[in-house]
Each structure stands twice: as C-alpha cells, then as structure tokens.
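What follows is a single structure, written as structure tokens, with notes after it.
Both backbone and side-chain heavy atoms feed into the values below; hydrogens, waters and symmetry mates do not. Per chain, numbering begins at 1; letters A, B, ... match sequence-line order.
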Amino acid sequence: MAELLLILPGLIEATVKIVGLVFLVILPMVAYSVYAERRFSALLQDRVGPNRVGIPFTKISLAGLGQPMADGLKFILKEDFTPAHVRKLYYWLAPALTMVPALLTCAVLPFGGYLKVPFVDEPFRLVIADLDVGILFVFAIASLGVYGIVLAGWASNSKYPFLGGIRSSSQMISYEISLGLSVIPILMIYGDLNLGSIVQQQHEHGWALLPVTLDGLKPVISMRDLALLVPLSISFVIFVTSLFAETNRLPFDLPECETELVAGYHTEYSSMKFALFFLGEYAAMIIGSGFAVTLFLGGWSLPFGLGSDGSDSLFWGLVGIGTFFAKVIGFILFFIWIRWSIPRFRYDQLMRLGWVFFFEIALFNILLTAAILMIFRQS
Amino acid sequence: MAIVVKRPKLNIFERMYLPAIAKGLLITLSHAIKRLRGQTKVTMQYPEEKWDSELPDYYRGAPTLVKDEQGRERCVSCQLCEFICPPRAITITPGEIPSGDTWAKVEKRPEEFEIDMIRCIYCGMCEEVCPEQAIFLRKDYAITGTTRAEMVHDKEKLYEIGGVREGLVNKWNELK
C-alpha cells in the first residue's frame, strides 16, 4: 500500500500527459490535418475546398471546420464489410498495427521544456517518457508500422493489396537505413540519445540548422557551428526525404498508388478499419514532423536562444508548448505542400534513390561530421 | 521506320533534382498566394452567390405562358407546342371562349395547360413554334419540388412565372 502511494503521483502525472498529448492534441490534430490537407491543397490548385460543414442544423459554416467531425461520423456509420476471402485474424489486426506504432512513438517526444504549475514545487518535464534511448526507441517502434501494411496486403488475399504490401515493405526497409544514418551526425554533435537533452542543447546554443545565439542584439555564430551546417543540411534533406518514404506520403506513396494499385494495401478495407489506415498515416506524419522539428529545428525552443525552458515560470513553459506545435504545424503544411507539387516516383527510381544515393551520401556525411568535429575539437 | 525521340539533355541543376523541386514548390506556392489574394477565379458559392444578373437574354429557362397588355391570354390552344415538344412535356386541354366575352372573336383558349417540368428539356421549340407568341422560356432555372405532382406546372403557375409580355404582335386588337 505504501509502495502504491509512492508511485501514485508519477502514475497520475503520466496519465495526465498521455491523455493530454495523445487524446487532446495528437488525435484532434490528425483529424484536422486531413482538413488542412484538403483546404491547403485546394489553395495550391486554385480551388475552394471543403468550406461548408460547420455547426450542425445551423447556417454557421466556420469555413468548414466541422468537416473532420462529419468525416469521422461518416466512417463510423459506414458498413464495416469484411470480404469472405480474407484471412480474418490478420485482416483485423493490420489496421491496429498501423495506428498503434504511430501513436506510440510520441511517448518520447518532448513537446515542451518544463511546466511550472502553481502550488507544485517541482516543474513537470513535458515529455511522457524521458528515455535515455529516445531516438533508438523511435526507430524501433516506427519500423513496426510496416507490419500493419504488410499484414494488410497479405491478409487481404487479393492482388493489388498484395503488391502494395510488398512495395511498402521494400520501400520502408530501404529508407529506414538512410533515415537512421542521417540522424547519426546529430547524435555525434550533441553526444546524447535523449531527445529532451538534444533540444535543451539546441535551446542553449541555437537550433541545429540555425546555430545563432544573440549577444545583446548582435548575432553570434561560431566557426564550428558554421562548418557543421554543411553536414547537418545534408542530413536534414535526407532525413526529410526518408520521412516522406517512411510515412508513405507522396512523392513516395507507392504502397497506395491509386493509379496503379487501386488503393494499394487498403483496397479491401472499408469503414473505420480503412479510417485507421488513413488516420494512422496522418498520425505518423504528425509524429514524424515532431521528430524532424525536435532533431533539426530546435523542438520547443525559440530561435536565437530566446526565452527560457519554463522551469521557473509557467509563461515560458506554455510558450515552449506553443512553439513546438507551431513548428509541427508548419512542417505538416510543408508535407502537404510537397505532396501537391511533386509527381510520384517510379518504383525503380525510388529504390535507386534510396540505395545508390541516400545510403552513400548519409555514410559520407557521417565521415564529414566526424572530420569537422575533429578539426574543431575542444581541447 | 523507327522514330528516334530526342531526349532533352539535362544540365547539372536539373539532374540534381532538388532545384527542380524548389521550382515546383514555388509554382504551387505562387498559385496559393494568388488564390489567397483573390486573384484567381474559383467556383461560385452557389446558393449564396448567383449568376442571375449575368444570364444572357437568350438563356433558356422554364417555359411559361404570357398575357398581353390587356390581360388577354395569348394562347389560343392551337396545340402546336404540344405536338412539337420532343419529350412530350406539354398537355393542353383546349376550350371555347364564351360568346359574351370581350375576346370572343379569338374563339379558343386553353382550359388547362400543363408542362411537366420533370420531362421538359428546355429546348425552346415550343417558343419557336408558337404562332401567337404566347409561350416563352424565362430565366428561371431552379425548378424544384418534393413530389412529381408539384413538378407539373399548371396554367395558373405558368402565368404567374410568365407575367405580361408587351410590344409583340397584336393581331387581335384591331377590328378586322
């Protein structure tokens, strides 16, 4: 009983964080990123997009902000059809296996610095699980996402989903390598796998891609950081491109590939099971953006080392959270912008890009980073 | 004979692909900016915005019956429109004008005149064929109803939409 009382505060804290982040932030963001995708793509293509659905039974349309609710309701009310020719167990398992890893990775995502709540002495760290192997955890869990797609393709027992599943597995395996290798320069520079402390260092010394701090009003940048910008930019390009491939977004959406494979791995799915695939893709996109922001764009920190990490005041803690989600939303818009600008790659081009270019460039990049770190070694 | 298609030679920037992506992104972004500034023509938001004021004079909307300046029904129920109507939307029940009436010399008028708007194809042949210039296609296009019976325009409804048309042939006004 005494032991229970000891772990109780921690348990409550974790529950509040999980519910707050996953159910109150990430899942609504998933729903609204679908809406954002539709509205933003409409802008890019000289259209209007969904602007009708607002508060039900009134004429208030709120620029279509009710659309995600209507879509969700539609998905729930649709007939959940299971074809006779599928392997039932795997067919039912696959959608969950896509959604769960996507949401699981947000456990180590630092979505803010600290939150100093009044009447509580110790400020709360704004991360669900402050793991020292943060990045490894992310890669381990994120690569599970491919199982959902492969299982969906296999269990559907039909040719197009099968092809989609095969494509997905080979694509994900190919790009996982360059994704992992492109992060190594970051690890070498910050010397830490804990995402929270990576962001903390970026907060103190400027973002990885904007290593500028302010001395009064004069920007300060060291030679070492300037030199490191070269490998970091290369890393960033490879990381983001691999992220597109990992999350099956255009221009790498070959597992889905409407024009070739009907709908790829989820051809045989309907209703909420399809929605889980669909929303899992968006959840993966949001969390992937979160990691790109955390690793390369300073996470929750303001540029130029402004502000504080929120360990002493509630205000800066909230600013940190706001900054993080503003950056993530910006990155999601970038995802959408790319999707509606660039045509899909051919399958052999995709493989060639992954294995012949990115793999080698990422390896070379690690050597380059090591060399720069050697030259500017702090003795 | 085989045709050799000349492939364009790509320069270094094009082969690097990234500058091309940047270019593509700029193109789509410029569209987004133009759209945000309202410089792009987009779909009309129909029930709120309407095109009614810009409908051309020759627009073919719902066919209607019209009266002349004296309030006389122009239609003499010759039934030409009924015969010409390709989808057979028009049904006329001809009737006689009683001898006491001011326009007794016209002799005939429609007892009932029905246009089935579910059938009507807005071709305008009824207007073209009418020797009395009694039937016109007006600019009403949103003809709706919840039942089939509601979609059949009877004489009263047709005159209501049609109204009065002036300045046309007035052969019945002068004594002959």
What distance do H31(B) atom NE2 and S341(A) atom OG have between them, rounded to the nearest 0.5 Å? 10.0 Å
Residue-level contacts of residues 31-45 of chain A with chain B, using a heavy-atom cutoff under 4.5 Å: L43(A), L44(A)
In Å, rounded to the nearest 0.5 Å, how long is the span from CH2 of W340(A) to CG of L25(B)? 14.5 Å
Does V48(A) reach the side chain of R35(B), with side-chain heavy atoms less than 4.5 Å apart? yes
Part of L29(B) lying under 4.5 Å from any heavy atom of chain A: both
CZ (R52(A)) with more than 12 external heavy atoms under 6.0 Å: yes
Taking CE in M125(B) as the centre, count heavy atoms belonging to other residues, nucleotides or ligands within less than 6.0 Å. Is the count above 12? no
Taking the six-membered ring for Trp and the full ring for Phe, Tyr or His, determine whether the centres of Y17(B) and F357(A) are under 6.0 Å apart. no
Can you list the residues of residues 231-245 of chain A that sit under 4.5 Å from chain B, counting heavy atoms only? V237(A)
Does a sphere of radius 6.0 Å around NZ in K23(B) hold more than 12 heavy atoms from other residues, nucleotides or ligands, not counting ones at 6.0 Å or beyond? no
How about F13(B): does its CZ atom have over 12 heavy atoms from other parts shown lying under 6.0 Å from it? no
Measure distances from Q39(B) to the heavy atoms of chain A and classify the residue's part below 4.5 Å as side chain, backbone, both or neither. neither
Do V42(B) and R47(A) come within less than 4.5 Å of each other through their side chains, counting heavy atoms only? no
When you look at NZ of K34(B), are more than 12 heavy atoms from neighbouring residues, nucleotides or ligands closer to it than 6.0 Å? no
